[in-house]
Amino acid sequence: MVENGKIKKHNEKRKFIINIASRVFVEKGFENATLADIAREAGMSKGTLYYYYSSKSDLIFDVAEKHIEVILDSVDQKRELNKGDISPAIDVKELFEALNYDVRTKLHLNLVQLAITGNEKIKKRLFEKYNEWIERAAETLEVTLSGEYDHKLIAQILIAAIDGMGIQLLLGDDRIPFDKVGRYFMR
């Protein structure tokens, strides 16, 4: 019983650190943010932070993993709320809207930049997460999109479109009509 309490407390502390690190990474960027900055913002010593995260790369990836899980959980929650009134177009619209294109998208694009510019550890873990995201999206499409479709290919295209729209929105283009995008993809 005590062991489970310790594990739970450890996991809660990691979640707290991830939330603080997310904010610091968005404010300073991955390259400029240090573990010392994150420790200071979290109100702990660097030694305590090192107990939970021995490297910035590990912390960056946990931030990214949380980012992707938040998106997928949001889509699942919206789907659950719309049970019985779900169409493929609504499902795609929900996926786009779940992103919110705020801090999570900035974090995601910073991670992509790190992967592209040579951080092989982040690249490998991000690629694994992309595959997981594509699989989950394909499973959702199988449920909502009947007929002879390549659900995985459609999911890959949607993920690429999401990344592209995230870039557009972060650059200030807020004209993307998500409801029309969803209907277009599901014609």
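Remember, it's a predicted structure, so these values are computed and weren't measured experimentally.
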Task: Thr48 side chain to Met44 backbone, donor-acceptor under 3.5 Å - done: no

Would you give the length of the straight line joining atom [atom1] of [X] to atom [atom2] of [Y], rounded to the nearest 0.5 angstrom?
| X | Y | atom1 | atom2 | result |
| --- | --- | --- | --- | --- |
| Ile17 | Ser22 | CD1 | OG | 11.5 Å |
| Ser57 | Asn119 | OG | CG | 4.5 Å |
| Arg125 | Ile60 | CZ | CD1 | 11.0 Å |
| Lys123 | Phe61 | NZ | CZ | 14.5 Å |
| Ile159 | Trp133 | CD1 | CH2 | 4.5 Å |
| Ile122 | Ile116 | CD1 | CD1 | 13.0 Å |

Hits for salt bridge (charged side-chain N to carboxylate O under 4.0 Å, His left out) against Lys121, two or more places apart or cross-chain, chain-then-number order -> Asp58

Residues passing the salt bridge (charged side-chain N to carboxylate O under 4.0 Å, His left out) test with Glu27, sequence neighbours excluded, are Arg23

The side-chain hydrogen bond (donor to acceptor under 3.5 Å, both in side chains) partners of Gln113 (sequence neighbours excluded) come to none

Notebook entry, point to check: If you draw a 6.0 Å radius around NZ in Lys56, do more than 12 non-hydrogen atoms from other residues or ligands fall strictly inside?
Noted result: yes

Residue pairs passing the salt bridge (Lys or Arg N to Asp or Glu O under 4.0 Å) test with at least one member in residues 138-158, sequence neighbours excluded, are Glu135-Lys152

So salt bridge (Lys or Arg N to Asp or Glu O under 4.0 Å) across residues 13-22, not counting sequence neighbours, yields Arg14-Asp62

side-chain contact (heavy atoms from CB on, under 4.5 Å) involving [X] - partner list, sequence neighbours excluded:
| X | value |
| --- | --- |
| Ala155 | Ile134, Ala137, Ala138, Leu141 |
| Lys28 | Val24, Asn32, Ala33, Asp37 |
| Lys46 | Ala36, Ala39, Tyr50 |
| Gln168 | Met165, Asp173, Ile176 |

Taking every heavy atom of Ser55 against every heavy atom of Leu35, the minimum-distance pair comes out as C-CD1, 4.1 Å

By ring pair (Phe, Tyr, Trp, His ring centres under 6.0 Å), Tyr51 pairs with (sequence neighbours left out) His10

Tyr53 meets the ring pair (Phe, Tyr, Trp, His ring centres under 6.0 Å) criterion, sequence neighbours left out, with none

Residue pairs meeting ring pair (Phe, Tyr, Trp, His ring centres under 6.0 Å), one or both in residues 22-48, sequence neighbours left out, come to Phe25-Phe30

